[in-house]
There are 2 protein chains.
Amino acid sequence: MADLNTSASKRNTWQKDAVRHALGEATGFVSAQQLHLVLRNHGSTIGLATVYRALADLASAGDADVLNSNDGELIYRACATGHHHHLICRSCGATVEIDASKVENWADAVAAEHGFTETSHTIEIFGTCSACHS
Amino acid sequence: MADLNTSASKRNTWQKDAVRHALGEATGFVSAQQLHLVLRNHGSTIGLATVYRALADLASAGDADVLNSNDGELIYRACATGHHHHLICRSCGATVEIDASKVENWADAVAAEHGFTETSHTIEIFGTCSACHS
DNA sequence: ACACTAATGAGAATCATTGTCAATAAACCA
DNA sequence: TGGTTTATTGACAATGATTCTCATTAGTGT
Ligand SMILES: [Zn+2]
Ligand SMILES: [Zn+2]
Ligand SMILES: [Zn+2]
Ligand SMILES: [Zn+2]
């Protein structure tokens with residue numbers, strides 16, 4: 001997926017790999033701050049700003065999902081597959097990746113109906129998972 | 001909609017009315033900061049923190065829609081009708097309220113399928129409206 | 001009018017994210 | 001390989017939205 005990052009004027013650094021790897025290890029969504037902390041605790045000397053930059057790159061390359069947590073913080077998640085959405089447990093944070101082809105079509109149709117082009121959308125479902133029933 | 005705010009331990013102040021009214025006057029989504037500025041420009045002496053508090057109340061009472069703009073800012077919009085979603089133009093900000101009963105059902109079904117309860121969701125469609133085609 | 005206490009507002013405090021810029025090190029070439 | 005170019009890094013400052021603090025104000029019911 002995405003491009004192999006050759007030829008382009010982008011350089012490969014251990015920092016980018018470190019972020020990519022740490023994101024892959026993480027379970028669920030993590031913030032840049034959390035990821036930076038993890039990396040530091042593992043002995044890395046990577047800077048916070050770099051983690052932010054690397055995550056932004058991964059996200060815009062489609063290699064990471066982004067969504068804003070309820071307390072105004074961007075959280076990321078490694079993402080191998082293409083476009084999809086999430087079902088997220090409000091209390092434990094467990095996430096399920098869901099395929100929503102029906103809804104994709106619906107969204108595009110609605111947009112087209114109103115003369116909108118270059119459409120995109122945000123769809124997230126929240127709930128309490130079976131393990132979290134008090 | 002919602003309750004008339006009687007009996008409850010909530011007090012009626014001109015500040016809350018001012019925010020409610022200003023939000024109603026606004027076209028499209030506005031941030032707390034913008035609303036505060038508008039109110040001040042109209043001679044009000046209302047404080048910024050109060051605008052934040054009033055908007056948060058309106059939102060949690062279901063009288064206002066909230067969504068976070070792409071630059072990490074909460075924006076609000078007066079909302080008389082019940083639960084619904086928006087089709088938003090990326091460049092001019094025009095919004096269309098859309099009914100999404102099909103998707104509502106789909107979302108609930110997907111959640112139930114995975115054993116999730118007390119579900120809610122976020123669905124927003126973005127695009128470029130017909131008037132904004134360069 | 002009075003007491004009780006929610007609500008307000010000015011400013012400080014938080015805190016995630018972005019900008020700055022000198023130093024570093026990929027990528028490329030001779 | 002050694003040298004050149006310049007994307008990238010990282011420490012720190014700066015930004016900016018939102019929240020907190022707390023003394024003061026003003027609804028509400030009596
Ligand atoms: Zn994903
Ligand atoms: Zn989709
Ligand atoms: Zn609405
Ligand atoms: Zn809905």
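Here is how names work: the chains are called A, B, and so on, in the same order as the sequence lines, proteins then strands, and each is numbered from 1.
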Handout entry: Short side-chain N/O contact from B:Thr13 to OP1 or OP2 of C:dA6, under 4.0 Å
Key = no
Handout entry: Nearest-Å distance for atom pair NE2/C1', residues A:His36 and D:dC12
Key = 13 Å
Completion exercise
Of D:dT18, C:dA10, D:dG10, the nucleotide closest to the side chain of B:Arg40 is C:dA10
Exercise for the section: Tell me whether the OP1 or OP2 atom of C:dA6 has a side-chain N or O from B:Ser9 closer than 4.0 Å. Expected result: no
Exercise for the section: Calculate the interatomic distance between A:Leu48 atom CG and D:dG10 atom C1'; express it in whole Å. Expected result: 10 Å
Practice task
Tell me whether the OP1 or OP2 atom of D:dA26 has a side-chain N or O from B:Gln15 closer than 4.0 Å.
Solution key: no
Handout entry: Presence of A:Lys10 side-chain N/O under 4.0 Å of D:dA7 phosphate oxygens OP1/OP2
Key = no
Handout entry: Closest to side chain of A:Ala49, choosing from C:dA16, D:dT18, D:dG10
Key = D:dG10
Problem - Candidates C:dA6, D:dA17, C:dT8 - which lies nearest the side chain of B:Arg11 - result: C:dA6
Exercise for the section: For A:Leu39 and A:Ala22, work out which heavy atoms get closest and say how close. Expected result: CD2-CB, 3.9 Å
Practice task
Using atom CD of A:Glu73 as one end and atom P of C:dT18 as the other, report the distance to the nearest whole Å.
Solution key: 12 Å
Exercise for the section: Return yes if some donor-acceptor pair links the side-chain N/O of A:His36 with the main-chain N/O of A:Thr50 below 3.5 Å, else return no. Expected result: no
Handout entry: Whole-Å gap separating C1' (C:dA16) and CD1 (A:Ile75)
Key = 13 Å
Fill in the blank from the handout: Separation of C:dC15 atom P from A:Leu37 atom CG, nearest Å, is 14 Å
Practice task
For the pair A:His121 and A:His85, name the ring-plane relationship: parallel under 30°, tilted 30 to 60°, perpendicular over 60°.
Solution key: tilted
Problem - A:Leu74 CG - D:dT18 P separation (whole Å) - result: 13 Å
Fill in the blank from the handout: Closest of C:dA16, D:dT8, C:dT8 to the B:Arg53 side chain is C:dT8
Exercise for the section: Could you check whether B:Thr45 gets within reach of a base, just the sugar-phosphate, or nothing at all, counting any heavy atom under 4.0 Å? Expected result: sugar-phosphate
Exercise for the section: State plainly whether one hydrophobic cluster holds both A:Val38 and A:Val30, where clusters connect Ile, Leu, Val, Met, Phe, Trp and Tyr through side-chain heavy atoms under 4.5 angstrom apart. Expected result: no
Fill in the blank from the handout: Checking C:dT8, C:dT17, D:dT9 against the side chain of A:Lys16 (C-beta onward), the nearest is D:dT9
Handout entry: A:Tyr52 OH to D:dT15 P, straight-line distance once rounded to whole Å
Key = 18 Å
Problem - Nearest-Å distance for atom pair CG/C1', residues A:Asn12 and D:dT9 - result: 15 Å
Fill in the blank from the handout: Testing C:dT8, C:dT17, D:dA11 for proximity to the side chain of A:Gln33, the answer is C:dT17
Exercise for the section: Kindly give the heavy-atom pair with the smallest separation between B:Leu23 and B:Ala78, and that separation in Å. Expected result: CG-N, 3.5 Å
